[in-house]
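Since the structure comes first, as structure tokens, the remarks are kept for the end.
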2 protein chains.
Amino acid sequence: MRDTRAELLLQAETLVRRRGYAGFSYADLAETVRIRKASIHHHFPTKSDLAHALVAAYDARYDAALAEIRAGEPDAIERIAAYGALYLGGVEAGLGCLCAVLAIEGDALPATLRADIARFFEKHIAWLEGVLAEGVAAGSVRVSAEPRATARMVVAALEGALLMERLLAGPEGFRGTLAALCDGLRPAGVSSDRTDTI
Amino acid sequence: MRDTRAELLLQAETLVRRRGYAGFSYADLAETVRIRKASIHHHFPTKSDLAHALVAAYDARYDAALAEIRAGEPDAIERIAAYGALYLGGVEAGLGCLCAVLAIEGDALPATLRADIARFFEKHIAWLEGVLAEGVAAGSVRVSAEPRATARMVVAALEGALLMERLLAGPEGFRGTLAALCDGLRPAGVSSDRTDTI
DNA sequence: AAAAATCTACCTACTCATTGGTAGAACGAA
DNA sequence: TTCGTTCTACCAATGAGTAGGTAGATTTTT
């Protein structure tokens, strides 16, 4: 027995992350999942229903990943490197960030969806702010501005790098940006042994 | 006598930057420019012709702006701040970066267009690499990694911030990221008087 | 346990607005 | 008269979404 709904979510996510929200159709999705177009409407009545479900699933996966990083990695810089590695997966697969894709088409999207996306980003910023604040307290991080502004900058840099390096230098280019980002947060005089093995 | 072609380019750019490439149509454009749909085809036979022209014009404007910054501003950090201010205009107007928008829908775009966009980003990276290298030589910039990787990171951070802050905190949020970015590039012990007045 | 009712997941076969694009005529300026 | 521009009037294809039906599993009633 196959879980059609899950399959639809998986393939729809890939399509959106590859071609954008307006750039994929129920017909495309129907073809890749090998189901009739009308059957998709049974699971997701409208396209924006599907989009909501997509964001919810994506968000939940990130929630789990953030929690795991926090639990498994004590060092702040390593936590950020691990966070960056989540994006690296996208670059490797040639897929943009779901929420970045949707954010860009923002003006054409339902307001509720835009709110979901905003919450996604806010959550990441808050998480990073916490990580940075702890790192500063522990002396393993040097932040030039307030942690909040730096947190925003880190998310922005990673989102931007995913967007750009998918077209330019691929994983190679992304790793470079991630390394530069992490190095910039290290206190002066601390070596950066591990940044090239992220 | 009005320059319809220029008007078309202007309005099309706004539409794309607001809703994405797949998210706007010749019908939309015709309505805002108050012309018939078929007349647009006279100026831009196909949609991808229009897209190419859009990128070319956008790219040319950035070329001019980068040259002006280089000519008018001697200090490296101030140059980067001025570069960031170019993006700020987008946040204020609620418009994404044209090339970021197109990059995200990359897989659905003609390959030639993708190449144009890649060149746009490469150019910015190269420009920033030059600015950073000069700054390092002059002692006004401290780069933790190689200038090339830092340059990539700067473009990524600004592209990402424009994308995100359009939905989140607006110009306020963007200025914060820009300040954090610039502060991170300043040599230790140098005050950041001007970052809040960018 | 058998029969009846309901539900789930999928189907074919549409609707109807919109998409990018074309053909060819009309207009105005040089 | 010719050229550049804009128009009306179309086209085939595709978009999201709907109507209504069928086969099979599940639940409810007798």
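Scope of the values below: all heavy atoms of this structure, side chains included, with no hydrogens, waters or symmetry mates. The sequence lines fix the lettering, A, B, ..., with proteins before strands; numbering per chain opens at 1.
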Original post:
Quick one: B/Ile40 CD1 to C/dT22 P, roughly how many Å, whole number?
Top reply: 14 Å
Subject >> Integer-rounded Å distance: D/dT18 P and A/His41 NE2 >> reply: 7 Å
Subject >> Rounded interatomic separation in angstrom, taking CG from A/Asp49 and P from D/dG17 >> reply: 8 Å
**OP:** State whether B/Arg166 and A/Asp107 are salt-bridged, where the test is any N-O pair (Lys NZ or Arg NE/NH1/NH2 against Asp/Glu carboxylate O) under 4.0 Å.
**Re:** yes
Original post:
Does atom CD of B/Glu68 have more than 12 heavy-atom neighbours, drawn from other residues, nucleotides or ligands, at distances under 6.0 Å?
Top reply: no
Original post:
Looking only at side-chain N and O atoms, does B/Ser25 come under 4.0 Å of OP1 or OP2 in C/dT18?
Top reply: no
Original post:
Once you round it to whole Å, what is the distance between P of D/dT14 and CG of A/Leu29?
Top reply: 17 Å
Original post:
With the threshold set at 4.0 Å, does a side-chain nitrogen-carboxylate oxygen contact exist between B/Glu73 and B/Arg79?
Top reply: no
Subject >> d(CD, A/Glu31; P, D/dT14) in whole Å >> reply: 11 Å
Subject >> Contact under 4.0 Å: B/Thr4 side-chain N or O vs D/dT5 OP1/OP2 >> reply: no
**OP:** Would you mind reporting whether B/Asp183 and A/Thr150 have side-chain heavy atoms less than 4.5 Å apart?
**Re:** no
Subject >> Which nucleotide in D/dA16, D/dC7, D/dG15 has an atom nearest any side-chain atom of B/Arg36 >> reply: D/dC7
Subject >> Proximity to the side chain of A/Ala38 - top-ranked nucleotide from D/dA19, D/dA16, C/dC10 >> reply: D/dA19
**OP:** Please state how far atom CZ in B/Phe24 lies from atom P in D/dG15, giving the value in whole angstrom units.
**Re:** 17 Å
Subject >> Base C/dG21 to side chain B/Lys47, donor-acceptor N/O within 3.5 Å cut-off >> reply: no
**OP:** Please determine if a side-chain N or O atom of A/His42 lies less than 4.0 Å away from the OP1 or OP2 oxygen of C/dA9.
**Re:** yes
Subject >> Length of the CZ-C1' vector between A/Arg34 and C/dC11, whole Å >> reply: 17 Å
Subject >> Rounded distance (Å) that lies between atom C1' of C/dT8 and atom CD1 of A/Ile35 >> reply: 12 Å
Original post:
Can you tell me if the side-chain N/O atoms of B/Ser39 get under 4.0 Å from OP1 or OP2 in D/dC7?
Top reply: yes
**OP:** For the residue pair A/Tyr83 and A/Tyr62, categorise the inter-ring angle as parallel (less than 30°), tilted (30 to 60°) or perpendicular (more than 60°).
**Re:** perpendicular
Original post:
Do the side-chain N or O atoms of B/His43 get closer than 4.0 angstrom to the phosphate oxygens (OP1, OP2) of D/dG4?
Top reply: no
Subject >> Candidates C/dG21, D/dA16, C/dC10 - which lies nearest the side chain of A/Lys37 >> reply: D/dA16
